[in-house]
S.K.: 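Have a look at this one before I ask anything.
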Amino acid sequence: MKKIVISDIKGAIFDMDGVLLDSMPMWDHAGEMYLAGQGIQAEPDLEKVLFTMTMMKGAEYMQEHYGLELSAKEIIDGINETVRDFYANKVEPKSGVPELLRFLKRYDIPVTVATSTDRCHVEAALVRTGLMKYVDRIFTCSEVGVGKAASPKIYEMAAEFMGTPASDTFVFEDAYHAAETAQNGGFVVVGLFDESSRDRQGDLIAHCDHYFKSMDDMLCSINSDRSRLVPVLTIAGSDSSGGAGVQADLKTMQANGVFGMSAITALTAQNTTGVTAIMNVIPDVLGAQIDAVFTDIRPKAVKIGMVSVPELIDVIADRLARYNAENVVLDPVMVATSGAKLISDDAVEVMTGKLFPLAKLITPNIPETEALTGISVKSVADMENAARCIYGKYGCAVLVKGGHSINDANDMLFDGENITWFSGKRIDNPNTHGTGCTLSSAIASNLAKEYDVSDSVRMAKQYISGALAAMLDLGSGSGPLNHGFDIRSRYML
Ligand SMILES: Nc1ncnc2c1ncn2[C@@H]1O[C@H](COP(=O)(O)OP(=O)(O)OP(=O)(O)O)[C@@H](O)[C@H]1O
Ligand SMILES: Cc1ncc(COP(=O)(O)O)c(N)n1
């Protein structure tokens, strides 16, 4: 099937169940879930039995078959409560959905939802899953007055609201009958696989213009507008071996779909076994690099890495304040994986005093967290205390990275209000040179693409896990990651 070109989408209409939300299993198991709530194990094919029945007939069947001492109305109310509870408290978005909706928003493409589920459930689920902020309007079949199988009216109303002609409006559906209606109505139909309609994939494919096995597959195959790369600046040291510093940052930015630019703070001679020389740049030259970038291609995010001396920190603080830089992510690099010290003692205080207040997020690892707070970090509670202490002292959100833990690789974000954990499976890879640089650059890239801090960290964490899992093995020490592990192009072959 054809690729989707982003500029072809003028408006998007999403079905909810089975497309945005992983909710079809609930519809297939509502009776079973209700009975489980009553402490009763349902027969194996209860849903098949109920499938052909009306709500009332189904309730009467369950009353008789399971000896329930409840009226049919009470049973129906109970099932409705099971459904309500599922949408309000349990349902999750399908994989790739937040990314796709965010992506459409970035291109100012209006997004509507067209669903046969009742509005109260739709709103509860979309608010709780964080998807509501991407949706411009919800249309429900009961409000429109006709179902999707019978008429394209719901799609027509959504398109009218968005002001887009059917031929430029993309309808995302998992059910073949809805796809058929939308296609007959002149819409561009994107069919998406859902387990609940596995048997009808042939019919779905027959009625769609594009078909994908998952939203993730679709994301990989969308042709974004190559003229709309967002610029991001790294202010960091150069690593001659290419695994950390500016080199890691630029590779990460390329792989995360932004345009990377650099202002170099220091030249280091290093490889996977150690650092053999460091030459800091002259402060004026650092200032000139930042001026050159900001006065011509204003970055949408800035990542700061290795800055060894107070004079360079002063220049960065001065320029970032002058240009009112946005989305600043600061990785307070202190010691290289190979053991070399990358910051002078007097610089730490200047960095915390002058750069921390300009940062949207700082990303210390555990030894850096200890150095910044004086708290010995040995447990989850210590990580939380230290993060609160950093926020209290400097007022910036903090991501304490758990890469130095023994059993896991869980990172913790504190934004002044909430603690959010990003759990990661520890990957058994001794090659971790540049993980901190890579993570902070991926976060900056995501912020530049207008993801919020929490989504930016979540996606950056997925990226770094993939780069570690690719198991690149270069050099005789702790080697670099494969930053390009997910780039698919004929030029990679
Ligand atoms: N072996 C691993 N498996 C999975 N994730 C890891 C592993 N090592 C590090 N990470 C992840 O990599 C990111 C960077 O964490 P880390 O604590 O290594 O930072 P750092 O010490 O600043 O990195 P650097 O090596 O560049 O100094 C975090 O998201 C962390 O959870
Ligand atoms: C120029 C530069 N910047 C940062 C690091 C830290 O990365 P790591 O701790 O993985 O060595 C480094 N080694 N070199």
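Atoms within a ligand are numbered from 1 in the order they appear, just like the ligands themselves.
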S.K.: Would you indicate which of Ile427, Ile366, Val400 comes nearest to atom 1 (N) of ligand 1 when only heavy atoms are counted?
M.R.: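 That would be Ile427.
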
S.K.: Just need the protein heavy atom nearest to atom 28 (C) of ligand 1, so name the residue and atom and give the distance.
M.R.: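 Checked against all protein heavy atoms, atom 28 (C) of ligand 1 sits closest to Asp411 OD2, 3.2 Å.
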
S.K.: Give yes or no for whether the N/O distance cutoff of 3.5 Å, strictly under, is met between Asn429 and ligand 1.
M.R.: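 No, there is no polar N/O contact under 3.5 Å.
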
S.K.: Answer yes or no: is there a donor N or O on one side and an acceptor on the other, between the side chain of Asp239 and the main chain of Gly245, under 3.5 Å?
M.R.: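 Not a single qualifying donor-acceptor pair exists.
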
S.K.: Look at Arg458 together with Glu99 and state whether they make a salt bridge at an N to O cut-off of under 4.0 Å.
M.R.: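 Between Glu99 and Arg458 there is a salt bridge, with a charged N closer than 4.0 Å to a carboxylate O.
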
S.K.: Considering non-hydrogen atoms of the protein only, which is the closest contact for atom 27 (O) of ligand 1, and what is the distance?
M.R.: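 In this structure, atom 27 (O) of ligand 1 has Thr337 OG1, 4.0 Å as its nearest protein heavy atom.
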
S.K.: Would you say Gly402 has any N or O atom under 3.5 Å from an N or O of ligand 1, going by distance alone?
M.R.: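 For ligand 1, there is no N or O atom that lies under 3.5 Å from one belonging to Gly402.
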
S.K.: Looking only at heavy atoms, is any part of Val246 under 4.0 Å from ligand 2, and if so is it the side chain, the backbone, or both, or is it neither?
M.R.: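 Neither; nothing of Val246 gets under 4.0 Å from ligand 2.
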
S.K.: Can you report which non-hydrogen protein atom sits closest to atom 18 (O) of ligand 1, along with the distance?
M.R.: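 Of every protein heavy atom, Thr435 OG1, 2.9 Å lies nearest to atom 18 (O) of ligand 1.
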
S.K.: Give the atoms of ligand 2, by number and element, whose distance to some non-hydrogen atom of Gly434 is under 4.0 Å.
M.R.: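 Once the distances to Gly434 are compared, the set is 8 (P), 10 (O).
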
S.K.: With a distance cut-off below 6.0 Å to the six-membered ring centre and an angular limit of 45° from the axis, does Arg388 pair with Phe414 as a cation-pi contact?
M.R.: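 Yes, Arg388 and Phe414 form such a contact.
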
S.K.: Does a salt bridge link Arg102 with Asp455, judged by any charged N lying under 4.0 Å from a carboxylate O?
M.R.: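 Asp455 and Arg102: not salt-bridged.
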
S.K.: So, is Gln270 polar-close to ligand 2, with some N/O to N/O distance under 3.5 Å?
M.R.: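 Gln270 vs ligand 2: N/O contact under 3.5 Å present.
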
S.K.: Is it the case that ligand 1 has an N or O less than 3.5 angstrom from some N or O of Lys401?
M.R.: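 Lys401 vs ligand 1: N/O contact under 3.5 Å present.
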
S.K.: Tell me whether Gly434 reaches ligand 1 (any heavy atom closer than 4.0 angstrom to a ligand atom).
M.R.: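 Yes.
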
S.K.: Could you check which of Thr363, Asn365, Asp331 puts a non-hydrogen atom nearest to atom 20 (P) of ligand 1?
M.R.: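 Heavy atom nearest to atom 20 (P) of ligand 1 belongs to Asn365.
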
S.K.: I need the nearest protein heavy-atom contact for atom 11 (O) of ligand 2: residue, atom name and distance, please.
M.R.: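 Residue, atom and distance for the closest contact: Thr337 N, 3.0 Å.
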
S.K.: Check if Lys425 has a non-hydrogen atom at a distance under 4.0 Å from any atom of ligand 1.
M.R.: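 Distance cut 4.0 Å: Lys425 passes for ligand 1.
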
S.K.: Under a 4.0 Å heavy-atom limit, does Leu468 contact ligand 1 with its side chain, its backbone, both, or neither?
M.R.: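 Side chain only.
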
S.K.: Below a 4.0 angstrom heavy-atom separation, can you tell me which part of His433, side chain or backbone, both or neither, approaches ligand 2?
M.R.: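 For His433, backbone and side-chain atoms both sit under 4.0 Å from ligand 2.
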
S.K.: State the atoms of ligand 2, each with its element, that fall below the 4.0 Å cut-off from a heavy-atom position in Met306.
M.R.: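 Numbered from 1, ligand 2 contributes 1 (C), 3 (N).
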
S.K.: Output yes when the distance from some N or O of ligand 1 to some N or O of Lys461 is under 3.5 Å, and no in every other case.
M.R.: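 Yes; the residue has a nitrogen or oxygen that sits under 3.5 Å from a nitrogen or oxygen of the ligand.
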
S.K.: Under a 4.0 Å threshold between the charged nitrogen and the carboxylate oxygen, would Arg200 count as salt-bridged to Asp194?
M.R.: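 Here Asp194 does not pair with Arg200 in a salt bridge, since their nearest N and O are not under 4.0 Å apart.
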
S.K.: Taking non-hydrogen atoms only, is Cys437 closer than 4.0 angstrom to ligand 2 via side chain, backbone, both or neither?
M.R.: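 The side chain, only.
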
